[in-house]
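Atoms within a ligand are numbered from 1 in the order they appear, just like the ligands themselves. Basis for what follows: all heavy atoms, side chains included, without hydrogens, waters or symmetry-related copies. Predicted, not measured: the structure shown is a model, and the values here were computed from it.
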Amino acid sequence: MLTGMQIAVLGGDARQLEIIRKLTELDAKISLVGFEQLDHSFTGATKEKLDEINFSEIDAIVLPVPGTSNEGEVETIFSNEKIVLTEDILLQTPEHCTIYSGISNGFLDGIVSSSKRKLVQLFERDDVAIYNSIPTVEGTIMMAIQHTDFTIHGSNILVLGLGRVGMSVARTFHHLGAKIKVGARKSEHLARITEMGLTPFQLGDLEKEVKNCDICINTIPAPVVEAGVIAKMPSHTLIIDLASKPGGTDFRYAEKRGIKALLAPGLPGIVAPKTAGKILANVLCQLLTESTTNGKGNS
Ligand code: NAP
């Protein structure tokens with residue numbers, strides 16, 4: 001239980017509603033900033049303006065998945081209010097106050113470190129990334145269906161990268177009957193791909209491997225699907241780039257060659273915001289519960 005804990009939830013999208021629901025179930029006291037257009041109300045949660053919050057009583061601040069912008073602005077879809085997180089706000093919080101977000105950037109890292117608070121990036125955790133790969137794959141299947149005129153079953157699909165997303169993508173498309181080749185650079189990844197019953201190849205051989213590729217799904221956040229690779233693809237190839245912005249594809253060259261290339265960020269929040277919210281809510285509540293068990297200073 002989170003009885004006695006005061007948490008400020010600043011902005012966000014539908015995923016945040018699952019977090020708020022779970023936090024209130026666990027009896028935390030919640031201040032909601034940037035939710036005034038939300039019709040729903042939660043027992044134990046109060047809608048407030050940023051300047052109405054007494055940050056000296058706040059044990060944790062929950063930010064949306066992207067954290068803040070590089071100017072400190074916090075996105076919210078439930079308000080037109082501009083919410084800006086500053087170092088000054090963090091300095092008003094007790095020393096044990098922990099900030100939770102999905103990812104971070106230079107600005108957020110900077111104000112957290114200069115105010116000597118702790119930031120937890122939920123998307124850096126293996127468990128969150130693996131759970132999150134499930135709605136990511138479902139979104140990828142949706143995009144593959146929407147943007148092709150052939151079945152996934154029987155098609156030649158290249159998956160680039162065997163990380164948390166790449167493994168789930170490769171396995172699921174394999175189960176849908178596609179012929180899967182997976183490109184990786186580590187020998188242990190090539191061994192794992194073989195063990196999974198899929199065809200491995202060295203990333204360095206990508207140019208050779210794309211020759212009969214129907215769909216190329218990239219999960220590597222580095223420039224891998226370069227002009228030389230795109231030049232060797234059949235003209236009907238669909239590129240779905242799942243890697244974080246700016247992706248790993250030369251989109252300019254793909255357009256020039258007439259190859260459809262889609263950057264597809266944030267699929268869990270688009271195709272399954274409820275599930276994506278539950279994934280975050282479960283891990284966040286586990287961390288907050290552990291912090292109350294260990295004493296607030298060890299959160
Ligand atoms: P991950 O577990 O770290 O996997 C990344 C993979 O890329 C690993 O196989 C890694 O191989 C490889 N890689 C990284 N840099 C490389 C390079 N320079 N050259 C060759 N291979 C390289 O990450 P993840 O959780 O699978 O996420 C993959 C990407 O998808 C991230 O950018 C993430 O933000 C994004 N993502 C997108 C969505 C969406 O909705 N589109 C959802 C979730 C995640 P090594 O082990 O050899 O480094």
Taking the side chain from Thr172 and the backbone from Ala170, do they hold a donor-acceptor pair closer than 3.5 Å? no
Partners passing ring pair (Phe, Tyr, Trp, His ring centres under 6.0 Å) against Phe78 (at least two apart in sequence or in another chain): Phe35
Judged by atom type as modelled, is there a donor-acceptor pair below 3.5 Å linking the side chain of Arg252 to the main-chain atoms of Asp250? no
Within the 4.0 Å heavy-atom sphere of ligand 1, strictly under, residues: Thr136, Gly161, Leu162, Gly163, Arg164, Val165, Arg185, Lys186, His189, Leu203, Thr219, Ile220, Pro221, Ala222, Leu242, Ala243, Ser244, Ala264, Pro265, Gly266, Leu267, Pro268
With Phe201 via ring pair (Phe, Tyr, Trp, His ring centres under 6.0 Å) - residues at least two apart: none
For His40, check ring pair (Phe, Tyr, Trp, His ring centres under 6.0 Å) against everything at least two apart and list the hits. Phe42
Report yes or no: do Ser79 and Glu36 form a side-chain donor-acceptor pair below 3.5 Å? yes
